[in-house]
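Everything on this sheet refers to the single structure shown next.
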Amino acid sequence: MKKKCIFVLGPTASGKSAWALLQAEKYKGSIINIDSVQLYKGLIIGSAAPTEEEKRKIPHYLYSYVEAPKEMTAGDYLKDFYQLLESNIRFPLFIVGGTGFYIQALEKGMFNIEPVPIEFRKSIEEELAARGAEGLYAELKEKDPDTKIHINDHYRLVRAIEIIRYTGTTPTELNKKSSENKNEFPFEYIKVGFDFDKSDFEERVKRRTKKIIEAGIIEETTKFYNLNLADWAPLQSVGYKETVEFLRSSKSKEWLFEAINQSTMQLIKKQKTWFKRDKSVLWSNQEQSLAQFLA
RNA sequence: GGCUUGGUAGCUCAGUUGGUAGAGCAGAGGAUUGAAAAUCCUUGUGUCGGCGGUUCAAUUCCGUCCCGAGCCA
């Protein structure tokens with residue numbers, strides 16, 4: 001039988017994990033995480049990562065395994081993913097999560113350049129801080145006239161300059177090459193999506209936020225906060241960044257609830273925008289689609 | 001009751017030496033190739049508390065009333 005994969009995607013709080021768990025049991029498959037926060041060890045409550053009990057039922061991979069202060073990148077994720085596939089894991093694979101960027105990276109690959117040394121980026125960032133973005137942006141425009149990067153998007157600006165200076169080629173060029181090479185995902189796959197209307201999400205998110213706070217996101221965050229890890233990238237994510245602020249400035253628990261609630265709704269909106277443009281996602285009759293695909 | 005002060009966009013507030021107003025946040029839409037739950041872009045008509053008066057013209061000045069805050073009784 002061919003090895004098959006099912007991407008289970010959608011905004012946060014859309015019920016994809018629960019569905020995937022059921023289906024993985026039914027088809028005796030396994031579950032792989034594709035959520036950029038659930039990767040980290042110790043960030044369980046705030047990211048609504050699966051519980052130990054859930055993980056016992058079905059093999060789960062790439063959950064809670066990255067230890068602070070390590071920070072993951074999409075490239076690291078790809079590496080870990082393919083390394084995992086070298087071991088003997090059960091198919092069908094349910095790849096579950098809401099990080100569109102990672103899903104895209106798996107599906108279409110990423111251009112293959114060697115990691116740029118940190119000093120490289122550091123010097124560019126210093127240049128940016130000292131002299132502003134104009135110079136760097138002019139350099140980018142000169143080398144890569146078709147760039148879509150905005151001058152205010154400093155993160156992408158620095159990354160583009162780093163690529164240009166280190167590799168001598170441009171992001172646009174690399175992009176073209178990688179789409180010609182088509183490093184496609186090596187298995188047969190479908191993508192099923194889960195989604196709700198905004199008003200339904202409002203209800204779900206309120207419940208989720210309440211649960212997260214009651215389950216102890218404050219305690220969870222405090223552990224990292226006390227280790228001076230407030231700047232650790234994953235702690236900038238929804239739920240944790242609000243809790244860090246809560247710990248820093250004596251805000252009320254009501255404030256925390258509202259803040260997490262709002263950020264979660266914003267996250268959902270952004271995730272919807274990401275998934276909307278992927279026309280191959282099956283948004284309805286997920287179970288039939290799955291049965292058909294696995295038949 | 002008197003004095004002071006405030007009432008401007010859903011929220012917090014700028015501002016207009018008189019020519020009907022603008023930021024941040026929120027909301028809406030979008031981008032997204034190693035931070036992605038991050039980062040960035042686009043998007044602002046609202047009886048400028050009510051009613052009167054002065055004026056060619058009032059959100060701006062004057063009067064009065066309503067609501068909030070503070071102080072004094």
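All of these numbers come straight from a predicted model, not from anything done at the bench. Residue numbering restarts at 1 for every chain, and letters A, B, ... go by the order of the sequence lines.
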Enumerate, atom names and distances included, each donor-acceptor pair closer than 3.5 Å involving a side-chain atom of residues 24-31 of chain A, sequence neighbours excluded.
{"from": "A:Ser30", "atom 1": "OG", "to": "A:Arg90", "atom 2": "O", "distance (Å)": "2.5"}

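If you take atom C1' in B:C51 and the same atom in B:U17, they sit 27 Å apart, rounded to whole Å. Separation of the P atoms belonging to B:G63 and B:C72 is 26 Å when rounded to the nearest angstrom. Separation of the P atoms belonging to B:U59 and B:G2 is 28 Å when rounded to the nearest angstrom. Distance check on atom P: B:U60 versus B:G7 gives 12 Å, rounded to whole Å. B:U54 and B:G18 have their C1' atoms separated by 12 Å, with the value rounded to a whole Å. Straight-line distance between the C1' atoms of B:C13 and B:A73: roughly 33 Å, to the nearest whole Å.
The side chain of A:Lys270 contributes an N or O atom lying less than 4.0 Å from OP1 or OP2 of B:A38. Dashed line: the shortest gap from a side-chain N or O of A:Asn175 to OP1 or OP2 of B:U33 is not under 4.0 Å. Contact annotation: A:Gln266 reaches the phosphate of B:G27 (side-chain N/O to OP1 or OP2, under 4.0 Å). Regarding contacts with the backbone of B:U33, every side-chain N or O of A:Lys176 stays at 4.0 angstrom or more from both OP1 and OP2.
In this structure, A:Gln271 reaches neither bases nor backbone, as no heavy-atom distance under 4.0 Å exists between it and the strands shown. Using a 4.0 Å heavy-atom distance criterion, A:Ile113 is classed as a base contact. Using a 4.0 Å heavy-atom distance criterion, A:Lys148 is classed as a sugar-phosphate-only contact. Using a 4.0 Å heavy-atom cutoff across all strands shown, A:Asp76 reaches no nucleic acid atom at all. In this structure, A:Lys276 reaches the sugar-phosphate backbone alone: every heavy-atom distance under 4.0 Å involves primed, P, OP1 or OP2 atoms, never a base. Using a 4.0 Å heavy-atom cutoff across all strands shown, A:Glu71 reaches no nucleic acid atom at all. Nucleic acid contact class of A:Thr12 (heavy atoms, under 4.0 Å, all strands): none.
Remark: A:Gln292 CD is loosely packed, at most 12 non-hydrogen atoms of other residues, nucleotides or ligands lying under 6.0 Å away.
Nucleotide B:G6 forms a pair with B:C67, judged by Watson-Crick or G-U wobble geometry with both contacts under 3.5 Å.
Taking 90° from 0 as the syn/anti boundary, the base of B:G18 is oriented anti.
Side-chain atoms of A:Arg156 and base atoms of B:A31 include no donor and acceptor less than 3.5 Å apart. In this model, no side-chain donor or acceptor of A:Arg277 finds a partner on the base of B:A31 within 3.5 Å. In terms of polar N and O atoms assigned as donor or acceptor, the side chain of A:Asp153 never comes within less than 3.5 Å of the base of B:A31 in a complementary pairing.
The nearest heavy atom of RNA chain B to A:Thr99 and to A:Ile163 marks one nucleotide each, and the one closer to the 5' end goes with A:Ile163.
Side-chain atoms of A:Thr99 never come within 3.5 Å of backbone atoms of A:Phe101 as a donor-acceptor pair (strictly under, hydrogens ignored).
Side-chain atoms of A:Thr12 and A:Gln271 include no donor-acceptor pair closer than 3.5 Å.
Cation-pi geometry between A:Lys16 and A:Trp19 is not satisfied (NZ or CZ under 6.0 Å from the ring centre, within 45° of the ring normal).
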